[in-house]
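This report refers to the structure that appears directly beneath it.
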Amino acid sequence: MKSNNEMLKILLCEIKVALGEEDIRGCDNLVEMGGNSLIAMRISATLKQRNKILVNVAQLLSNKISDVELSQLKE
């Protein structure tokens, strides 16, 4: 089981890849960094498939990245 901090680090890495940006922090907002709903859905699908992490997409589009609700799927 991953901790919230581990899941946040994984989310931040995936956002960096999706946006092609190196400087993404938890205090940033995906939309303000150039993301959109399609990118958010792609990030969500990737995290679910690769890391068994569920991402609240609505929060990802509206909140600071560090405030996004993340949970781990049971394997």
Side-chain angles (χ1 to χ4, degrees):
M1 193 84 157
K2 293 177 178 67
S3 71
N4 284 340
N5 195 35
E6 289 173 306
M7 290 189 291
L8 177 59
K9 285 181 182 180
I10 293 168
L11 173 61
L12 287 168
C13 286
E14 195 58 43
I15 291 171
K16 288 176 184 182
V17 170
L19 297 180
E21 278 288 327
E22 280 301 312
D23 190 26
I24 303 287
R25 299 184 185 124
C27 61
D28 291 327
N29 175 284
L30 178 70
V31 175
E32 290 173 2
M33 298 301 294
N36 57 40
S37 59
L38 293 175
I39 291 171
M41 292 298 292
R42 191 173 335 130
I43 290 168
S44 175
T46 300
L47 289 180
K48 184 177 180 182
Q49 182 179 23
R50 280 193 207 153
N51 305 97
K52 305 295 187 238
I53 296 172
L54 294 177
V55 178
N56 185 315
V57 175
Q59 290 180 359
L60 185 56
L61 291 168
S62 61
N63 292 356
K64 293 188 312 185
I65 296 167
S66 61
D67 291 342
V68 174
E69 186 178 321
L70 302 169
S71 58
Q72 180 131 28
L73 288 170
K74 296 183 182 183
E75 297 182 44

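Below, each value reflects all heavy atoms present in this structure, side chains not excepted, and no hydrogens, waters or symmetry copies. Here the structure is a predicted model, which is why all the values come from computation and not from measurement.
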- Item | Heavy atoms of other groups near K9 NZ, more than 12 under 6.0 Å | no
- Message: To the nearest 0.5 Å, what is the distance between CG on L61 and CG on N56?
- Response: 9.5 Å
- Query: Heavy atoms, side chains only, cut-off 4.5 Å: are I10 and R50 in contact?
  - Reply: no
- Query: Does L70 reach the side chain of V55, with side-chain heavy atoms less than 4.5 Å apart?
  - Reply: yes
- Item | OG on S44 to CD on Q49, rounded to 0.5 Å | 11.5 Å
- Are any of the side-chain heavy atoms of I15 and I65 separated by less than 4.5 Å? yes
- Query: Would you call K48 and L54 a side-chain contact if the rule is heavy atoms closer than 4.5 Å?
  - Reply: yes
- Decide yes or no for I39 and I43: does some side-chain heavy atom of the first lie under 4.5 Å from some side-chain heavy atom of the second? yes
- CG-CE distance between L19 and M33, expressed to the nearest 0.5 angstrom: 7.0 Å
- Task: Identify the heavy atoms of K2 and E6 that sit nearest to each other, and give their distance.
- Result: CA-OE1, 3.2 Å
- Query: If two hydrophobic side chains count as joined below 4.5 Å and joins carry through other members, does V68 share a cluster with M41?
  - Reply: yes
- Message: Side chains of Q59 and D67, heavy atoms from C-beta outward: is any pair under 4.5 Å?
- Response: no
- What distance do M1 atom CE and M7 atom CE have between them, rounded to the nearest 0.5 Å? 7.0 Å
- Item | Atom pair CD (Q72) and CG (N4), whose distance is rounded to the nearest 0.5 Å | 10.0 Å
- The reported gap from CD in E14 to CG in L47 (rounded to nearest 0.5 angstrom) is 5.5 Å
- Message: Show the nearest heavy-atom pair for residues S66 and C27, with the distance to one decimal.
- Response: OG-N, 4.5 Å
- Would a distance-only check, ignoring hydrogens and angles, find a side-chain to backbone donor-acceptor pair under 3.5 Å from N29 to K64? no
